[in-house]
Amino acid sequence: MFALPPSRIKQLAREAGFDLCGIAPVHNLRELEVFPTWIAAGRHGEMKYMEARDEAGELKRAALARVAPWARSVVVCAINYNTAQPYSTQTEDATRGWISRYAWSREDYHDAVMRRLGKVESKLRELADSTGHCPPPTGHCFRSYVDTGPLIERVFAKYASIGWIGKNTCVINQKLGSWLFLGVILTSLELAPDIPAPDRCGTCTRCIVACPTQAIVAPGELDARLCISYLTIEKRGEIPPQLRAGMGRHVFGCDICQDVCPWNRKAPASQEPEFQPREALVNPALEWLAEMTPEEFRETFRGSPVRRAKLSGLRRNAAIAMGNSGVQKFVPVLERLAADSDPTVAEHARWALKQLRINLASS
Ligand code: SF4
Ligand code: SF4
């Protein structure tokens with residue numbers, strides 16, 4: 001066991017700008033055992049990267065000990081990205097859409113978190129070297145990841161005592177809530193692990209009840225194919241018509257199951273400059289998004305996770321949101337979109353026009 005006290009590692013993380021840090025072991029994380037069943041049931045939808053397997057045919061994300069046999073510990077760091085803006089459940093303007101809170105920031109969070117993680121990693125490396133824990137010839141190994149590692153970060157976050165995994169599948173910290181970006185450092189250093197965070201959901205079921213598409217199929221289990229985040233970001237092409245009404249006015253991601261969580265009621269706002277919102281992305285006008293040009297999309301979402309949805313996906317989502325809005329002033333823009341050269345946008349606009357007609361007839 002590397003004789004560096006965990007408090008020293010946590011101090012390094014704080015100095016690098018993280019709010020929380022803990023150490024997880026590599027083995028015996030029982031939450032990983034259900035991952036293969038979840039994949040086999042197809043609940044990951046079209047997210048093929050989740051199916052990545054090692055040479056033995058095992059799912060990489062469930063087998064860190066095989067994928068990185070040199071790893072002895074996982075240092076998990078977390079940073080609060082909450083801002084002082086209202087929650088989606090507190091805004092009601094039907095002419096405006098909703099972009100998930102994590103995507104408002106001025107810099108892509110992957111870069112912001114990785115920069116801080118790099119500082120922790122290099123300090124750890126220095127310490128390992130200076131204390132003679134660097135066996136020749138190769139020295140100790142470190143690998144830092146933000147979302148891209150062969151592991152399910154939230155499981156390791158629980159074992160590192162960052163927070164428990166809520167029924168909404170998010171990591172929740174008792175003091176900070178669940179608006180947390182996670183970064184992990186795999187290391188060959190054998191560090192003393194933290195005690196796993198205890199579950200504090202209790203009898204609460206607010207997130208399950210509030211989910212508009214019933215995507216939380218069991219406490220802590222998500223069917224991504226039903227989740228608005230998946231539908232608006234990852235799903236390409238047609239969105240199944242039976243799911244469109246439940247998407248409400250979400251155009252990129254969904255925060256509802258976090259907005260309703262009691263642990264987020266008093267979640268503090270981050271003071272980090274990179275996580276302050278771009279005002280245009282908070283509750284944006286649907287018409288603006290629906291008629292965005294490629295140049296405007298590139299310019300507006302430079303360095304933003306929203307680029308993942310691509311322009312076609314964002315306009316498709318805006319068309320659905322207009323159809324769900326009940327706002328008849330969207331008819332002209334939807335008629336233009338119904339003749340769009342992008343067949344996906346055009347089909348969803350036709351669906352939206354039909355919804356508005358039904359809405360008018362029933363009012
Ligand atoms: S993100 Fe939205 S759709 Fe997905 S589980 Fe949470 S409330 Fe449901
Ligand atoms: S809303 Fe309730 S059940 Fe859901 S994650 Fe928060 S505390 Fe847990």
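Ligands are counted one by one from 1 in listed order, and the atoms in each one are counted from 1 as well.
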Taking atom 8 (Fe) of ligand 1 as the reference point, the nearest protein heavy atom with its distance: Cys211 SG, 2.3 Å
query: Are Asn317 and Arg244 linked by a side-chain donor-acceptor pair shorter than 3.5 Å?
result: no
- prompt: Got the closest protein heavy atom to atom 6 (Fe) of ligand 1, with its distance?
  reply: Cys257 SG, 2.4 Å
- request: May I ask you to check if any N/O/S atom from Cys201 comes under 2.8 Å of atom 8 (Fe) of ligand 2?
  value: yes
task: Measure the distance from atom 4 (Fe) of ligand 2 to every protein heavy atom, then report the residue, atom name and distance (to 0.1 Å) of the closest one.
output: Cys207 SG, 2.3 Å
message: Looking at atom 4 (Fe) of ligand 1, is there an N, O or S atom belonging to Cys254 that lies under 2.8 Å away from it?
response: no
- prompt: For atom 7 (S) of ligand 2, what's the nearest protein heavy atom and its distance?
  reply: Trp263 CD1, 3.5 Å
field: For atom 5 (S) of ligand 1, closest protein heavy-atom neighbour
entry: Leu222 CD1, 3.4 Å
- line: min-distance protein heavy atom vs atom 3 (S) of ligand 1 -> Ile228 N, 3.2 Å
- request: Compute the ring centroids of Phe275 and Phe181, then answer whether they are less than 6.0 Å apart.
  value: yes
- line: Counting heavy atoms under 4.0 Å, the part of Ile216 that contacts ligand 1 is side chain
- prompt: With a 4.0 Å cut-off on heavy atoms, does Thr213 reach ligand 1?
  reply: yes
